[in-house]
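This report refers to the structure that appears directly beneath it.
Computation of the quantities below employed the complete heavy-atom set of this structure, encompassing side-chain atoms and omitting hydrogens, waters and symmetry-equivalent molecules.
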Amino acid sequence: MDRPPAAALSTAPSAACVYCALRDLCLTPPSGAPPSWQPDTLVATRLPLRRGEALFQQGGRFESLYAVRSGFFKTRVSSPDGRDQITGFQMSGELLGLDGIGDGVHACDALALEDSQVCVVPYPTLERLAQQFPDLQTEFHRILSREIVRHHAVMLLLSNVHADRRLAAFLVNLARRLGNRGYSAASLVLRMTREEIGTYLGLKLETVSRSFSRLHERGVLDVRQRQVRIIDPSGLQELAGDSSG
């Protein structure tokens with residue numbers, strides 16, 4: 001599959017930058033930065049990917065962090081016996097590649113669920129500039145901390161034993177993340193299949209389908225294949241055990 005050419009960089013921030021996890025690193029010059037510092041000082045290139053294309057693969061050499069500029073990804077871990085476990089779904093503004101910092105190799109695959117684009121931040125460049133500018137290092141540590149807290153919150157939401165509650169928690173989390181990025185939090189178009197949702201939630205495909213049907217019958221959701229409309233947001237949050245609103 002031919003990969004489309006990398007996009008040319010612009011020094012002006014775009015609407016996609018507003019919700020990006022790296023926005024404060026890219027858009028705010030650290031104390032002592034030279035006048036030549038531009039919003040894209042950290043970004044080497046913007047890389048487009050086709051649907052189904054791997055951004056990086058489990059066991060591959062870690063070289064860069066990636067901020068999703070547009071599109072949707074899934075991360076996946078493969079076991080020696082051939083089983084796959086989906087470990088997350090990443091949308092615009094979220095980060096990929098943090099798994100490789102510790103050992104210098106990626107611990108998972110990252111695959112585009114639709115045509116997507118990422119900003120590529122070479123890690124050696126980030127390390128060098130972080131040593132040169134302490135403000136930059138502090139901000140990067142904040143980003144890492146927020147990612148850990150977000151991961152813990154997701155694990156808590158998905159710890160429900162009952163399948164309907166687990167699916168409800170997944171949809172609440174997905175809707176909130178979309179809403180925080182200016183998209184509709186009530187009308188969702190699922191980029192992932194029900195089988196992929198099941199792999200992520202630890203549920204069989206049939207169980208996920210039955211849970212969608214029950215939530216539809218209860219009037220909480222209106223489900224039309226991959227189009228999901230949340231009719232009763234409060235009811236969905238209550239089912240998920242989420243009181244944060």
Check: [Y] main-chain N/O paired with [X] side-chain donor or acceptor under 3.5 Å:
X      : Y      : result
Arg166 : Leu201 : yes
Ser184 : Ala186 : yes
Thr199 : Glu195 : yes
Ser79  : Arg83  : yes
Thr207 : Leu203 : no
Gln90  : Leu95  : no
Asp115 : Arg51  : yes
Asp99  : His106 : no
Asp222 : Arg229 : no
Glu196 : Thr193 : yes

Practice problem: Step by step, work out the ring pair (Phe, Tyr, Trp, His ring centres under 6.0 Å) result for Phe73 and Phe89. | Solution: CA-CA 6 Å; Phe73 288 80; Phe89 298 103; over 10 Å; no
Atom [atom1] of [X] with >12 non-hydrogen neighbours under 6.0 angstrom:
X      : atom1 : answer
Gln58  : CD    : yes
Tyr183 : OH    : no
His141 : NE2   : yes

Do [X] and [Y] sit within salt-bridge range, that is, some charged N less than 4.0 Å from a carboxylate O?
X      : Y      : result
Arg181 : Glu94  : yes
Glu217 : Arg214 : no
Arg191 : Glu114 : yes
Arg146 : Glu139 : yes

Do the side chains of Leu167 and Leu215 get nearer than 4.5 Å, heavy atoms only?
yes
* Could you tell me whether the side chains of Asn173 and Arg177 share a donor-acceptor contact shorter than 3.5 Å? =>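 Arg177 and Asn173 do have a side-chain donor-acceptor pair below 3.5 Å.
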- Between Arg69 and Gln117: side-chain donor-acceptor atoms closer than 3.5 Å: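 Side chains of Arg69 and Gln117: pair found under 3.5 Å.
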Can you give each donor-acceptor pair under 3.5 Å made by side-chain atoms of residues 130-138, sequence neighbours left out, with the distance rounded to 0.1 Å?
from	atom 1	to	atom 2	distance (Å)
Asp135	OD2	Ser31	N	3.2
Asp135	OD2	Ser31	OG	2.6
Thr138	OG1	Pro134	O	3.1

* Could you go step by step and tell me if Ser116 and Ser70 meet the side chain to side chain donor-acceptor pair (under 3.5 Å) rule? -> CA-CA 5 Å; Ser116 303; Ser70 63; 6.0 Å; no
Val172 reachable from Val223 in the ILVMFWY side-chain graph, under 4.5 Å edges: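 In one cluster: yes.
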